[in-house]
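Inspection log for the structure reproduced underneath, given as structure tokens.
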Protein chains: 2
Amino acid sequence: MTAIRGARERARSEITEAIKAEARAQLAAEGAAKLSLRAVARELGMASSALYRYFPSRDDLLTALIVDAYNAIGEAAERARDRCGAATASPVDRWTAICTGVRAWALAHPHEYALIYGSPVPGYRAPRTTTEPAARVGLALIGVVRDAHAAGALKEPAEPLPDPVVADALALGAELGIELPGTVLARLVGAWAQLFGLLSFELFGQFRNVIEARTEFFEQAALQLARSVGLTTPR
Amino acid sequence: MTAIRGARERARSEITEAIKAEARAQLAAEGAAKLSLRAVARELGMASSALYRYFPSRDDLLTALIVDAYNAIGEAAERARDRCGAATASPVDRWTAICTGVRAWALAHPHEYALIYGSPVPGYRAPRTTTEPAARVGLALIGVVRDAHAAGALKEPAEPLPDPVVADALALGAELGIELPGTVLARLVGAWAQLFGLLSFELFGQFRNVIEARTEFFEQAALQLARSVGLTTPR
DNA sequence: CCGAAGCAAGAGCACTGCTCTCGTTGGTGT
DNA sequence: ACACCAACGAGAGCAGTGCTCTTGCTTCGG
């Protein structure tokens with residue numbers, strides 16, 4: 001894989017990117033269900049059949065967009081964490097920074113969010129390639145807790161958890177090479193899921209006529225989640 | 001509206017129900033995006049155009065299914081609550097009973113669950129008729145907490161919440177005619193959203209290779225949510 | 001320099017939601 | 001008893017979709 005690999009491959013990657021960009025634009029405009037290969041091709045001035053040289057099927061295009069979206073939201077989380085002063089900020093601050101960063105991305109890209117955290121597209125099974133980008137937000141959250149644990153700023157939950165849950169959590173920790181108590185890891189998984197529960201309800205309109213001060217509500221809930229995994233506010 | 005209103009209207013409601021039943025079957029088989037009016041009509045042995053006498057559009061059919069699904073999951077919640085011994089069971093037990101009842105329904109009807117708690121499919125509009133059925137699960141949860149509060153078995157969270165959040169929560173309580181502290185109501189809304197976050201992650205495959213003991217994990221998380229709204233375990 | 005591979009385009013298939021126009025039928029007011 | 005009208009089912013048809021296949025053209029590598 002040399003840097004310059006001929007004009008052909010450069011054109012190919014350029015066109016691939018253009019297709020994805022146009023598809024993203026349609027996604028933002030109409031949602032995943034209305035994404036049409038023909039419309040993308042039309043907008044790009046090419047025949048619809050030519051598009052199949054780049055993506056074997058509509059689902060493959062969607063898969064590519066899914067991977068991009070996972071990476072984008074993961075990057076949003078990491079940037080939010082790094083920007084809040086990774087060295088100086090307290091673990092709780094870094095946790096909430098990640099949460100608000102993720103929320104900001106989701107609010108800015110609701111259809112892409114729906115693509116990855118909404119209902120799975122019909123008959124679509126997530127390929128192996130999506131699992132790694134999908135983990136980035138979770139890994140960012142775990143990282144904060146791991147650092148807090150290393151710094152002795154973690155209060156392990158007193159309450160015991162069911163054995164199978166702790167076993168799963170420890171297996172997960174081993175797979176990731178993370179040294180954390182099983183109870184903390186289990187709570188982390190729960191907090192991770194609950195974070196996206198809050199986001200999905202907000203984005204999918206379930207909070208309409210229920211909560212209006214959504215930013216304040218979310219930040220308070222994120223803080224609560226930080227507590228639930230054992231992060232403590234240094235005072 | 002007499003009881004017997006002619007064969008015509010009886011036939012109409014029967015056919016309407018048959019259409020919904022067949023649509024639900026297709027939903028369970030293939031998912032919402034693949035639901036086809038023509039296929040429903042074909043299966044029912046009628047012309048596709050005849051179907052439009054009963055539902056003006058595909059989205060209207062989906063809306064009807066959404067309302068049904070909300071009612072079904074709400075009823076599942078209420079039945080789970082009532083079956084666990086509403087009079088004798090502790091508030092925490094009733095809370096977790098509702099949660100597990102909701103989960104059981106969701107696992108049994110994943111596509112209908114995705115229809116109501118996944119990405120909004122039909123171009124983003126929730127008619128007024130859906131809001132009331134949509135609230136049933138939340139109301140069941142609120143009811144448990146209200147009863148616990150009346151019985152003096154509620155420990156109000158000590159931590160203060162942002163004013164706008166409390167104001168929204170109190171407005172919500174007033175609208176529902178529920179006497180509960182603002183902090184508790186706000187936490188309830190959060191717990192409600194987080195409950196469905198857990199469910200969505202499980203149903204949409206986000207826990208694959210992460211948590212295997214999903215039942216135990218869920219019940220522990222539900223218990224945790226009960227605590228977060230102030231329910232206490234009597235000993 | 002030539003063959004092979006990559007590429008774009010067009011026609012075409014089977015399908016979709018939806019509309020319109022027919023002939024028919026059932027319930028109702030006179 | 002009759003006539004009328006609204007509801008009804010069926011069929012044809014329109015515009016759109018994902019996808020396949022065939023046909024030429026361009027570019028690259030030996």
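First the proteins, then the strands, lettered A, B, ... as listed; each starts at 1.
Across residues 15-27 of chain A, A:Ile15 each have a non-hydrogen atom less than 4.0 Å from an atom of DNA chain C (numbered order).
Using a cut-off of 4.0 Å between Lys/Arg side-chain N and Asp/Glu carboxylate O, B:Glu202 and B:Arg103 are scored as salt-bridged.
For B:Arg12, the CZ atom counts as densely surrounded, since its 6.0 Å shell holds more than 12 non-hydrogen atoms of other residues, nucleotides or ligands. For A:Arg214, the CZ atom sits in a packed shell: over 12 heavy atoms of surrounding residues, nucleotides or ligands are nearer than 6.0 Å.
Note: A:Phe201 and A:Phe207 have perpendicular aromatic rings, judged against thresholds of 30 and 60 degrees for the angle between ring planes.
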### Chi angles and distances behind the side-chain contact (heavy atoms from CB on, under 4.5 Å) call for B:Tyr70, B:Val137
CA-CA 9 Å; B:Tyr70 272 129; B:Val137 172; over 6 Å; no
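Atoms CG (A:Leu62) and P (D:dT17) sit 15 Å apart, rounded to a whole Å. Rounded to an integer number of Å, the gap from B:Leu44 CG to D:dA10 P is 11 Å. At whole-Å resolution of the value, OH in B:Tyr54 and P in D:dA7 are 12 Å apart. Between B:Phe55 atom CZ and D:dC8 atom C1' there is a gap of 16 Å when expressed in whole angstrom units.
OP1 or OP2 of C:dG6 has not a single side-chain nitrogen or oxygen of A:Arg12 nearer than 4.0 Å.
Using a 4.5 Å heavy-atom threshold, the side chains of B:Trp192 and A:Gln206 count as touching.
Of the N and O atoms on the side chains of A:Asp60 and A:Thr63, not one donor lies less than 3.5 Å from an acceptor on the other residue. No donor-acceptor contact under 3.5 angstrom links the side chains of A:Ser48 and A:Arg42, judged on distance only.
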## Note on the structure
Protein heavy-atom contacts under 4.0 Å, written 5' to 3' over nucleotides 9-19 of chain C as B (base), S (sugar-phosphate only) or - (none), form the string BB-B---BBBB
